[in-house]
Structures are given as C-alpha cells and as structure tokens.
Amino acid sequence: MDSVNKTLYIPLYGKALVSRKGLFLHDPKAEEIWAAEGFPLKGKSASKWLAYYMGMRAAVFDGWVRMQMAALPDAVILHIGCGMDSRVLRVGGEGRRWYDVDFPAVIEQRRRYYAETDTYRMISADVRAADWLDGIDSKQAIVVMEGISMYLTARERTALLTALCEHFEEVALLTDCYSTLAAKLSRYKNPINDVGVTQVYGVDYPADLTVSGLAFVRQHDMTPQHIIDRLQGREKAVFRKLYAGKMAQKLYRLYEYHSI
C-alpha cells in the first residue's frame with residue numbers, strides 16, 4: 001500500500017488499544033486485525049494519547065451513525081475511506097444496506113477479514129472518480145467521512161460532495177477536517193509523517209464544504225466530556241490538555257451537513 005493507505009493503521013491501532021483496555025469502544029475486530037497485521041508504528045503514531053483520541057473520535061462517529069440510522073431507516077450507509085474499520089459491526093448495521101469504500105489496495109486487504117452479504121458490500125474505488133456511485137440505488141444516504149477530507153484537495157472535495165448530492169435526493173454527512181493551520185503544521189508535527197505522508201489540506205470554515213443542495217448543520221465535539229470522563233486521574237488530565245484544549249480545537253474540526 002502507498003503512504004496514504006498506510007495511515008489506516010494509526011486509527012486501527014487506536015481502536016484496538018482502547019477496546020483491549022475497555023475504553024470508549026468494544027471492537028474485537030480491530031483487536032483481531034491489529035494482532036494479525038502487526039504494522040510497525042513508530043514515533044507519535046504509536047502514542048497512547050493519540051490512540052485514545054482515535055478511539056474517542058470513532059465513538060463520536062458511531063453515536064452519530066446510530067442516530068441517523070434511526071432517523072433515516074431507508075437510507076444506505078456509505079463509509080468513505082473505511083480502511084479496516086469495523087463500524088458496520090459496532091453500530092449494528094449488518095441488516096442495513098451498507099457500503100464500505102476505499103482504494104483497491106485497502107479493500108484487497110480488508111477482504112481478508114470481512115465477508116460481503118446481501119446487504120453489506122465493499123467497493124474498491126478511488127472516490128475522486130464518481131462512477132463508483134453508479135451501482136448504489138437509493139434516495140437517501142448516510143455518509144461517513146472519517147479521516148479522509150485532509151487528503152483531498154478543495155477541488156476534489158467539492159467534486160465528491162457534488163457527486164453525492166446529485167446521486168441521492170437526501171444526504172446526511174459527518175466529516176472531520178484539518179484547519180489550514182493544522183495542514184501547515186502537519187508537514188512537521190503529525191503522526192501521519194511516520195508512515196510517509198507529508199501533504200494534507202485544510203478547511204477553515206464550514207461553508208468551505210458546502211455545495212449546491214448541501215447545508216452545514218452544526219459542529220460536533222470530538223472529545224466530549226462524558227467520554228473523557230471514562231479516563232482516570234493523570235490520564236484524564238493529560239489527555240484533556242493534549243486533545244481537548246483551545247489549540248486542539250483550532251486544528252481539527254468535526255462538521256455535520258444535510259441536504260436542503
């Protein structure tokens with residue numbers, strides 16, 4: 001896999017670690033895959049604190065997906081840039097029409113651990129080419145873009161979001177993104193550097209991700225206090241300082257959008 005694809009091991013490690021510790025997520029699939037793959041993370045990418053953050057971010061996304069599944073019972077779920085994530089299992093999505101989408105090299109690896117069913121499909125595609133949507137027949141879509149927007153240029157993001165809005169009558173979208181400051185700092189201080197990624201892109205305002213037919217709804221907290229409170233003592237204090245302070249909020253955001 002190329003450098004961008006290798007970034008999937010960072011959140012995989014985080015989810016495996018917090019699951020093993022009984023924090024934030026119950027994710028036996030992440031534990032299984034991490035134990036089998038054993039990708040050699042180093043530096044910041046192997047940080048316990050980053051692992052906690054990855055697990056917490058995943059828990060926030062999971063909660064949002066569950067809410068949208070209840071609100072839009074006929075919608076398909078698209079997890080764009082799924083990596084090796086087991087969200088479909090964690091949120092009880094096995095009976096829903098669910099599509100996990102990623103680059104061919106990632107999906108090839110993923111097929112070693114996941115099997116398709118009548119309702120669950122894996123799509124091997126570069127999402128910057130919108131033809132991957134052609135085989136999905138639905139009026140509504142719940143779209144998860146976790147850890148992917150920062151690898152797309154502004155033009156690529158706009159093209160992807162436009163394609164989604166043109167293909168579906170109703171879209172509910174949750175995406176995380178770097179600020180432009182974070183993108184600049186990432187050249188020097190980002191765990192993804194440890195797997196060879198040096199070029200990422202930022203978004204400073206929610207409107208930067210709006211396209212025709214898609215409106216900003218609200219910003220979410222990726223480190224909500226009720227989840228931080230599952231940590232104890234010094235770990236809680238250190239994590240809050242590293243990932244829940246004002247500087248963290250300047251660097252990394254979580255935005256929700258819906259069709260209008």
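None of the values given here were measured: they were computed from a predicted structure.
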Take E116 and R111, measure what salt bridge (charged side-chain N to carboxylate O under 4.0 Å, His left out) needs, and give me the verdict at the end. CA-CA 8 Å; E116 292 186 324; R111 290 185 186 280; 3.6 Å; yes

Quick one: do V60 and F24 satisfy side-chain contact (heavy atoms from CB on, under 4.5 Å)? Show the steps, please.
-> CA-CA 9 Å; V60 171; F24 318 144; over 6 Å; no

Discussion item. Is there a salt bridge (charged side-chain N to carboxylate O under 4.0 Å, His left out) between D102 and R110? Walk through the geometry before answering.
Written reply: CA-CA 9 Å; D102 215 315; R110 187 178 176 86; over 6 Å; no

Intermediate values then yes/no, salt bridge (charged side-chain N to carboxylate O under 4.0 Å, His left out), R218 and E256 = CA-CA 5 Å; R218 66 185 174 115; E256 179 180 356; 3.3 Å; yes

Under the side-chain contact (heavy atoms from CB on, under 4.5 Å) rule, what do V143 and I80 come out as? Steps first, then yes or no, please.
CA-CA 7 Å; V143 181; I80 299 175; 3.7 Å; yes

Q. Passes side-chain contact (heavy atoms from CB on, under 4.5 Å), V65 versus V144? Steps please.
A. CA-CA 8 Å; V65 171; V144 175; 3.5 Å; yes

For K139 and D74, run salt bridge (charged side-chain N to carboxylate O under 4.0 Å, His left out): C-alpha distance rounded to whole Å, both residues' side-chain angles, the deciding distance at 0.1 Å, then the answer. CA-CA 8 Å; K139 293 182 179 181; D74 296 323; over 6 Å; no

Using the rule given for side-chain contact (heavy atoms from CB on, under 4.5 Å), can you reason through L161 versus L173, listing the C-alpha separation, both sets of side-chain angles and the distance that settles it, and then say yes or no?
CA-CA 9 Å; L161 297 178; L173 167 73; 3.6 Å; yes

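At a threshold of 4.5 Å between non-hydrogen side-chain atoms, the residues T223 and I227 do not count as touching. With a 4.5 Å cut-off on side-chain heavy atoms, Y205 and V203 do not count as touching. A heavy-atom distance below 4.5 Å is not found between the side chains of I107 and I123. At least one side-chain heavy atom of L72 sits under 4.5 Å from a side-chain heavy atom of I142. Residues E94 and T119 fail the side-chain proximity criterion, which asks for heavy atoms closer than 4.5 Å. The closest side-chain heavy-atom distance from M56 to Y52 is not below 4.5 Å.
For E32, the salt bridge (charged side-chain N to carboxylate O under 4.0 Å, His left out) partners at least two apart in sequence or on another chain are K29. Applying the salt bridge (charged side-chain N to carboxylate O under 4.0 Å, His left out) rule to D62 yields the partners R87, R90; only residues at least two apart in sequence or on another chain are considered. Legend: residues meeting side chain to side chain contact (heavy atoms under 4.5 Å, CB included) with Q219, ordered by chain and number and at least two apart, are F216, R253, Y255. In terms of the salt bridge (charged side-chain N to carboxylate O under 4.0 Å, His left out) criterion, residue partners of E37 (sequence neighbours excluded) are, by chain and number, R112.
Put simply, the side chain of Y257 never gets that close to the backbone of V211: no donor and acceptor are under 3.5 Å apart. A donor-acceptor distance shorter than 3.5 angstrom exists from the side chain of S19 to the backbone of D27, with no hydrogens or angles considered. In this structure a side-chain-to-backbone donor-acceptor pair under 3.5 Å is present from R97 to D137. Of the possible polar contacts, none joining the S212 side chain to the T162 backbone as a donor-acceptor pair under 3.5 Å is found. Panel note: side chain D85, backbone C82; no donor-acceptor pair is recorded below 3.5 Å. The backbone N or O of M222 lies less than 3.5 Å from no partner atom in the side chain of Y243, so there is not a single donor-acceptor pair.
Proximity of the aromatic rings of Y201 and Y151 is defined here by a centroid distance below 6.0 angstrom, and this criterion is not met.
Considering every non-hydrogen atom in both L25 and A58, the closest pair reads CD1-CB, 3.8 Å. Looking at every heavy atom in both residues, S259 comes nearest to L214 through N-CD1, 4.0 Å. The heavy-atom pair separating A16 from W34 by the smallest distance is CB-CB, 3.8 Å. For D126 against W132, the heavy-atom pair with the smallest separation is O-CD1, 4.0 Å. Shown here for S124 and P104, the closest heavy-atom pair between the two residues is OG-CA, 3.0 Å. Smallest separation of non-hydrogen atoms from Y178 and A183: CB-N, 4.3 Å.
Aromatic ring orientation, Y252 versus Y53: tilted (interplanar angle from 30° to 60°).
Between S179 and D204, the side chains place no donor N or O within less than 3.5 Å of an acceptor N or O (distance only, hydrogens not considered). For the residue pair W98 and D100, a side-chain donor N or O sits within less than 3.5 Å of a side-chain acceptor on the partner.
Of the residues K48, R240, R230, the one that meets the salt bridge (Lys or Arg N to Asp or Glu O under 4.0 Å) test with E235 is K48.
In the hydrophobic clustering of this structure, I77 does not group with M67; members are Ile, Leu, Val, Met, Phe, Trp, Tyr whose side-chain heavy atoms approach within less than 4.5 Å, directly or through other members. Follow the hydrophobic side-chain contacts under 4.5 Å out from V106 and you reach L41 in the same cluster. In this structure, M145 is not a member of the same hydrophobic cluster as M150, with clusters built from ILVMFWY side-chain heavy atoms closer than 4.5 Å. There is a path of hydrophobic side-chain contacts, each under 4.5 Å, that joins Y99 to I148.
Residue pairs meeting the salt bridge (charged side-chain N to carboxylate O under 4.0 Å, His left out) criterion with at least one member in residues 148-165, sequence neighbours excluded, are R128-E156.
Around NZ of K241, the count of heavy atoms belonging to other residues, nucleotides or ligands within 6.0 Å does not exceed 12. More than 12 heavy atoms of other shown residues, nucleotides or ligands fall within 6.0 angstrom of atom CG in D134.
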Would you tabulate the side-chain donor-acceptor contacts of residues 164-172 under 3.5 Å, counting partners in other chains and residues two or more places apart, or write 'none'?
residue : atom : partner : partner atom : Å
H167    : NE2  : L133    : O            : 3.1
H167    : NE2  : I136    : O            : 2.6
E170    : OE1  : Q140    : NE2          : 2.9

